[in-house]
Amino acid sequence: MDLKIYQDKNEVAEAFSAYFAEQVKQNDTFHVALSGGSTPKIVFDELADKFGGQIDWSKVHLYWGDERCVPPTDDESNYKMTVEHLLSKIEIPEGNIHRVHGEDEPQGEAERYARELKSGLPAKNGFPQFDLVVLGMGDDGHTASIFPHEIELWNSEHLCEVAVHPESGQRRITITGNLINHAKTVAFLVTGEGKKEKVGEILGTDGGSVTYPAHLVAPTSGNLLWFLDQAAADKLT
Ligand code: 6PG
């Protein structure tokens with residue numbers, strides 16, 4: 001596990017974007033699951049503005065680790081957020097963008113997206129493998145859209161599941177634990193004061209007594225990166 005702590009979220013965005021660009025350079029193809037929420041916005045802006053013209057996007061296939069069950073035009077849509085902060089600013093083949101159809105019937109879409117992952121991702125030991133899974137973490141310790149009240153979804157035999165947001169009741173499509181932990185590399189992007197408690201519990205020496213979904217992220221490859229800002233790492237330093 002590689003813990004990378006930066007002064008602020010701008011530095012996190014710069015460091016992750018440089019890391020991403022270097023990884024694409026080193027690979028013939030690069031299959032990535034993107035995270036959603038608000039943290040990626042500044043990172044995608046940096047990636048597009050600083051590296052957008054340098055990266056050979058024809059090598060990059062973009063998927064989402066989770067999506068809200070809303071149309072792609074909805075402000076809650078992770079796809080819409082990614083279009084605004086990244087996709088609208090880069091030249092990437094349409095066929096390399098593997099959107100979750102948040103507007104469709106959730107269970108059917110979870111099954112369809114699982115089929116798309118199986119057919120689109122290279123397999124290792126017969127199981128689909130991402131080159132990189134990017135994850136965020138909620139103040140409650142959730143990751144992707146696996147929330148503490150549904151932590152059993154992590155061990156689902158299915159690549160994708162339908163989840164329910166604990167407060168809003170919003171339904172989500174999320175990839176599950178085996179697919180995440182089978183990735184070549186997993187990178188957390190976690191910034192802000194609101195995350196310090198869970199970061200402290202998950203990465204801190206006292207470890208805490210409760211297991212949160214983010215605790216369960218342990219790629220079998222051993223390649224786990226945490227990109228944190230000082231505020232989120234406050235309990236670690
Ligand atoms: C989502 C996410 C989710 C997110 C965390 C952190 O769709 O909301 O993928 O897992 O990464 O909720 O969200 P923030 O970055 O907004 O704090």
Side-chain angles (χ1 to χ4, degrees), residues 6 8-10 12-13 16-17 32-47 62-72 74-86 98-103 106 109-110 113 117 130 132-151 153-154 159-177 179-181 183 186-203 212-217 224-234:
Y6 300 93
D8 56 31
K9 57 183 179 182
N10 296 308
V12 167
F16 178 80
S17 299
V32 186
L34 299 175
S35 59
S38 58
T39 303
K41 294 178 179 176
I42 187 174
V43 176
F44 292 164
D45 287 337
E46 176 77 11
L47 191 55
L62 297 177
Y63 297 80
W64 280 261
D66 64 330
E67 181 60 285
R68 291 89 181 272
C69 293
V70 295
D74 190 292
D75 288 343
E76 278 281 302
S77 164
N78 285 335
Y79 172 74
K80 184 169 185 265
M81 178 272 289
T82 311
V83 169
E84 287 168 356
H85 293 274
L86 179 63
H98 306 271
R99 181 176 75 83
V100 178
H101 300 172
E103 68 275 24
E109 177 54 15
Y113 203 62
L117 290 166
F130 279 108
L132 176 65
V133 170
V134 185
L135 294 174
M137 184 189 73
D139 299 4
D140 61 355
H142 82 259
T143 193
S145 276
I146 299 186
F147 296 94
H149 75 288
E150 291 178 324
I151 197 165
L153 291 181
W154 183 267
L159 298 180
C160 299
E161 286 281 0
V162 178
V164 180
H165 191 283
E167 276 109 49
S168 68
Q170 180 189 59
R171 286 193 286 173
R172 308 277 187 95
I173 307 286
T174 184
I175 62 173
T176 55
L179 182 58
I180 292 171
N181 281 339
V186 178
F188 272 107
L189 293 174
V190 176
T191 62
E193 213 259 339
K195 310 290 171 71
K196 72 180 183 186
E197 294 301 331
K198 295 298 180 286
V199 167
E201 285 191 59
I202 293 167
L203 296 176
Y212 301 104
H215 256 126
L216 303 174
V217 178
L224 176 58
L225 314 176
W226 283 79
F227 289 82
L228 301 170
D229 67 357
Q230 198 54 52
D234 191 44

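All ligand and atom numbering here is 1-based and tracks the order in the structure. On a predicted model such as this, the values are computed, not experimentally measured, just so you know.
Only the side chain of N78 comes within contact range of ligand 1, with a heavy atom under 4.0 Å; no backbone atom does. The proximity of K195 to ligand 1, defined as any non-hydrogen pair under 4.0 Å, is limited to the side chain. At a heavy-atom cutoff of 4.0 Å, ligand 1 is contacted by both the backbone and the side chain of T39.
Here the heavy atom of the protein found nearest to atom 2 (C) of ligand 1 is D66 OD2, 3.2 Å. Among all protein heavy atoms, the one lying closest to atom 6 (C) of ligand 1 is M137 O, 3.5 Å. For atom 10 (O) of ligand 1, the closest heavy atom belonging to the protein is A144 O, 2.5 Å. The single protein non-hydrogen atom nearest to atom 8 (O) of ligand 1 is R68 NH2, 2.7 Å, given as residue, atom name and distance. Ranking the protein heavy atoms by distance from atom 5 (C) of ligand 1 puts H142 NE2, 3.4 Å first. Given atom 13 (O) of ligand 1, the protein heavy atom at minimum distance is G37 CA, 4.1 Å. The closest protein non-hydrogen atom to atom 4 (C) of ligand 1 is G36 O, 3.8 Å.
Using a cut-off of 4.0 Å between Lys/Arg side-chain N and Asp/Glu carboxylate O, D74 and R68 are scored as not salt-bridged.
Closest heavy-atom approach to atom 11 (O) of ligand 1 within the set G136, S145, S38: this belongs to G136.
Inspection of the S145 and D66 side chains reveals an N or O donor paired with an N or O acceptor under 3.5 Å. For the residue pair S35 and W64, no side-chain donor N or O sits within less than 3.5 Å of a side-chain acceptor on the partner.
Annotation: P40 places no N or O atom under 3.5 Å from an N or O atom of ligand 1; distance criterion only. Taking only nitrogen or oxygen atoms, main chain and side chain alike, L135 does not reach within less than 3.5 Å of ligand 1.
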For F188 and L228: C-alpha separation, side-chain torsions, deciding distance, then whether side chain to side chain contact (heavy atoms under 4.5 Å, CB included) applies. CA-CA 8 Å; F188 272 107; L228 301 170; 6.0 Å; no
Take L117 and Y63, measure what side chain to side chain contact (heavy atoms under 4.5 Å, CB included) needs, and give me the verdict at the end. CA-CA 8 Å; L117 290 166; Y63 297 80; 3.5 Å; yes
Going through the distances and angles, do V186 and F130 end up as a side chain to side chain contact (heavy atoms under 4.5 Å, CB included)? CA-CA 9 Å; V186 178; F130 279 108; over 6 Å; no
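When all heavy atoms of K198 and M137 are compared, the pair lying nearest together is CB-CE, 3.6 Å.
Atom-to-atom distance recorded for F227:CZ and L189:CG is 7.0 Å, nearest 0.5 angstrom.
Counting the atoms of ligand 1 from 1 in the order shown, those under 4.0 Å from a heavy atom of R172 are 1 (C), 7 (O), 8 (O).
Aromatic ring centres of H142 and Y212: separated by at least 6.0 Å.
Without hydrogens or angle criteria, E150 side chain to V164 main chain gives a donor-acceptor distance under 3.5 Å.
For E67, the heavy-atom gap to ligand 1 stays at 4.0 angstrom or more.
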